[in-house]
Amino acid sequence: IDRARHRAELVIDVLGIRHGHDLPECRVPLTRSTSGLSDPAPMKPTGSYDGKDGPMGDTDPAGFYTGIVVDVYGPLRGSVPDPRVYARFIGKWGEPALELGCGAGDPLLTLRADGLDVEGLDSSADMLSKLRRTAAERGIDVTVHHAPIEEMDLARAYRSVFLAGPTFNLIADDATAGRALERIRAHLDPAGAVLIPLFIPEPVPEHHLGFVREHIDESGRILRVSATATERDETSRRQITTLRYEVVDGPVAQVVERPWVLHWHTQPGFRGLAEQVGLRVEGILGSDGSRAAPDASEFGFVLRRADSSVR
């Protein structure tokens, strides 16, 4: 199993978490900006996210990946997932397959172009709209579903279910994570398996706040993202970082700030959640594809239905 491609000086890459990581590495690719190391000039936001309970209040991933966040996300994410990794996973466990948190289509569209029977699911309508446009431009036929993982109700069972990176960490609490695992089990073929990469984030150092990553797109727009504040609760295992997204198009600037929630799991805790909903652990993989160390901060769970035969 391939190892992840990157690790550099920043503790978090504010855009790399959603997807784009090698299996089963599930690490956040950490990159330093090559342009724009200074803070941007102040500008009035055109929109914002106002959590009624403050920075540590409840947040919804479906509401995060909307509007200009979708525009900024792709060019400034840390890496692109290697589709060969997930093709091997599908090759082992079979088709049909389902990518959870498929976003704008990496690696889903490449897997479809290679003829694999794989569908996608995402909670962001804007991300799925971008995926469909890209699929049409490339002439790729793809089936995608709009729903959070914890609410999915599809008409098909899947032999291979996977997340192409630790997107499961975006589920904000154990109760919702448990419901997501229950829905995964409900859609998992008895002969199949699911891959769920996870990681335990490091605290964000104060001196990394305000660091700006910047990209100029083909139309000349300036795209920026930076972290402006962070809070961490070890008891609830949640870290919330306020991210500032900017799109500057000539004299017109759009800015939004959104709370980016990471909810982490220990290996024993996640095993317990899985077993509660009728899943059993096939393996817990580390960064080199071998069994993960008990104290590893990056690991991938391979789960099967508890009523499935031992393979």
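One-based numbering along the sequence shown.
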Hey, is the main chain of S123 close enough, under 3.5 Å, to the side chain of H146 for a donor-acceptor pair? yes
Side-chain (H187) to main-chain (L154) donor-acceptor, under 3.5 angstrom: yes
Hey, are the side chains of E99 and Y86 touching, using non-hydrogen atoms and a 4.5 Å cut-off? no
Taking H263's backbone N and O only, do any of them form a donor-acceptor pair with N169's side chain (distance below 3.5 Å, no angle check)? yes
Output yes when a side-chain donor or acceptor of R224 lies under 3.5 Å from a complementary backbone atom of V247, and no otherwise. no
Looking at G210, is its backbone amide N or carbonyl O close enough to the side chain of S226 to form a donor-acceptor pair, meaning the two atoms are under 3.5 Å apart? no
Going through the distances and angles, do R185 and D307 end up as a salt bridge (charged side-chain N to carboxylate O under 4.0 Å, His left out)? CA-CA 11 Å; R185 185 199 180 281; D307 58 359; 3.5 Å; yes
Parallel, tilted or perpendicular: rings of F301 and F299 (30°, 60°): perpendicular
Is it true that atom CD of E206 has more than 12 heavy atoms of other residues, nucleotides or ligands lying nearer than 6.0 Å? no
Nearest 0.5 Å, what's the OG1-CG distance between T66 and D71? 10.5 Å
Say whether R280 and S308, considering side chains only, have a donor N or O and an acceptor N or O under 3.5 Å apart. yes
What do you reckon, are the aromatic ring centroids of F270 and F168 less than 6.0 Å apart? yes
Are the side chain of R183 and the backbone of I149 linked by a donor-acceptor contact shorter than 3.5 Å? no
Can you tell me if S124 uses its side chain to pair, donor with acceptor, with the backbone of Y65 under 3.5 Å? yes
On a heavy-atom basis, the closest approach of L128 and V144 is CD2-CB, 4.1 Å
Take a 6.0 Å sphere around CZ of R156 and say whether it holds more than 12 heavy atoms from other residues, nucleotides or ligands. yes
Say whether, by atom type as modelled, one donor and one acceptor occur between the side chain of D233 and the main chain of R238 under 3.5 angstrom. no
Nearest atoms (heavy-atom pairs only) where V194 meets F89: C-CZ, 4.0 Å
Non-hydrogen atoms of A113 and I140 that approach each other most closely: CB-CD1, 3.9 Å
The reported gap from CG in D189 to CD in E95 (rounded to nearest 0.5 angstrom) is 12.5 Å
Please report the shortest heavy-atom distance between R213 and F211, naming the atom on each side. CG-CE2, 3.9 Å
Going by atom types alone, do S219 and D217 pair a side-chain donor with an acceptor below 3.5 Å? yes
Less than 3.5 Å apart, any donor N or O on the side chain of R179 or T176 sitting next to an acceptor on the other? yes
